[in-house]
Novice: 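This is the structure, below, for whatever I ask next.
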Amino acid sequence: MSDRVMINQFMHALVSRAGGVENAARFVDARLGIPLDSSGFSTRKGTFSKRLAGHLDWPLVEIMALEDAVGDPVVRRWLARSLPETTEAIDLMRCVSETAREVGEAVGAVADLASGRGDRARARKEVHEARGAIDRLAAAVDGEEA
């Protein structure tokens with residue numbers, strides 16, 4: 001999925017959480033100091049609709065204003081993931097999570113085998129998968145591609 005489409009999907013969710021296009025436009029206008037029209041409505045409701053339809057891109061300042069209004073910096077978090085130091089940390093945590101899951105499954109399968117409730121084929125499979133996860137974790141720690 002392209003970055004543009006991804007950001008637009010996030011913005012759809014934020015606009016929905018803000019209570020719709022009109023409320024979202026009001027929140028952003030208030031944050032940016034843009035006055036409402038004489039009846040208290042945002043003059044930019046149509047612009048927001050065009051952005052949601054994919055006809056216009058979202059300015060970062062408006063993304064941030066709506067994120068702050070809703071209380072969820074989802075786009076900023078997503079953008080931060082592309083930073084090299086963040087990417088490495090995410091990869092390491094993904095390896096840690098996978099390793100913990102696989103080792104837990106292996107321990108459970110071997111414990112079942114030892115208690116007479118499991119079977120050797122499943123225990124062997126789970127131990128093999130855990131070994132692979134540990135190898136991938138070691139490669140990630142060494143800075144290698146797994």
Novice: Side-chain contact, heavy-atom cut-off 4.5 Å: Asp3 with Trp78?
Specialist: yes

Novice: Within the side chain of Ser97, is there an N or O that forms a donor-acceptor pair under 3.5 Å with the backbone of Met93?
Specialist: no

Novice: With a 4.5 Å cut-off on side-chain heavy-atom distances among I, L, V, M, F, W and Y, is there a chain of contacts connecting Val103 to Val110?
Specialist: no

Novice: Looking at Phe48 versus Trp58, is the centre-to-centre ring distance below 6.0 Å?
Specialist: yes

Novice: Answer with yes or no whether the hydrophobic clustering places Ile34 together with Leu66; edges join I, L, V, M, F, W, Y residues whose side-chain heavy atoms lie under 4.5 Å apart.
Specialist: yes

Novice: Assess whether side chain to side chain contact (heavy atoms under 4.5 Å, CB included) is satisfied between Phe10 and Ile63, documenting all intermediate values.
Specialist: CA-CA 10 Å; Phe10 285 132; Ile63 291 171; over 6 Å; no

Novice: Can you name the nearest heavy-atom pair linking Ser49 to Val21, along with the distance?
Specialist: OG-CG1, 3.8 Å

Novice: Say whether, by atom type as modelled, one donor and one acceptor occur between the side chain of Asn8 and the main chain of Leu52 under 3.5 angstrom.
Specialist: yes

Novice: Is there a continuous path of hydrophobic side-chain contacts, each under 4.5 Å between heavy atoms, that joins Val141 to Val96?
Specialist: yes

Novice: In sequence, state the C-alpha distance, the side-chain angles, and the governing distance for Arg77 and Asp72, and then conclude on side chain to side chain contact (heavy atoms under 4.5 Å, CB included).
Specialist: CA-CA 9 Å; Arg77 268 196 313 270; Asp72 184 7; 2.7 Å; yes

Novice: Give me the atom names and distance for the closest heavy-atom approach of Thr99 to Leu137.
Specialist: OG1-CB, 3.6 Å

Novice: Is the shortest side-chain heavy-atom distance between Met11 and Val75 below 4.5 Å?
Specialist: yes

Novice: As a quick check of understanding, evaluate salt bridge (Lys or Arg N to Asp or Glu O under 4.0 Å) for Arg76 and Asp68, giving each step before the final call.
Specialist: CA-CA 11 Å; Arg76 283 181 270 187; Asp68 291 346; 2.6 Å; yes

Novice: About how many Å separate CD1 of Ile7 and OG of Ser2, when rounded to the nearest 0.5 Å?
Specialist: 8.5 Å

Novice: Looking only at heavy atoms, what is the nearest atom pair of Met64 and Arg31, with distance?
Specialist: O-NH1, 4.3 Å

Novice: Please determine whether side chain to side chain contact (heavy atoms under 4.5 Å, CB included) holds for the pair Asp112 and Arg122, giving the CA-CA distance in whole Å, both sets of side-chain angles, and the decisive distance to 0.1 Å.
Specialist: CA-CA 10 Å; Asp112 285 348; Arg122 179 173 172 264; 3.7 Å; yes

Novice: Taking 4.0 angstrom as the limit, do Asp119 and Lys125 come out as a salt bridge?
Specialist: no

Novice: Is it the case that over 12 heavy atoms from other parts of the model lie below 6.0 angstrom from the NE2 atom of His12?
Specialist: yes

Novice: In plain terms, say whether Glu62 and Arg51 are close enough for a salt bridge, that is, a side-chain N and a carboxylate O under 4.0 Å apart.
Specialist: yes

Novice: Compare every heavy atom of Glu126 with every heavy atom of Glu102, then report the nearest pair and how far apart it is.
Specialist: OE1-OE1, 4.0 Å

Novice: Which atom names give the shortest non-hydrogen contact between Ala130 and Ala106, and what distance separates them?
Specialist: CB-CB, 3.9 Å

Novice: Considering all heavy atoms of both residues, which atom of Gly54 and which atom of Arg4 are nearest to each other, and what is their separation?
Specialist: O-NH2, 2.9 Å

Novice: If hydrophobic clusters are built by linking Ile, Leu, Val, Met, Phe, Trp and Tyr wherever their side-chain heavy atoms come under 4.5 Å apart, do Leu14 and Leu32 end up in the same one?
Specialist: yes

Novice: If you group Ile, Leu, Val, Met, Phe, Trp and Tyr by side-chain heavy-atom gaps below 4.5 Å, do Val5 and Leu79 land in one group?
Specialist: yes

Novice: Salt bridge check: are Glu22 and Arg26 linked by an N-O gap of less than 4.0 Å?
Specialist: yes

Novice: Does atom CZ of Arg131 have more than 12 heavy-atom neighbours from other groups under 6.0 Å away?
Specialist: no

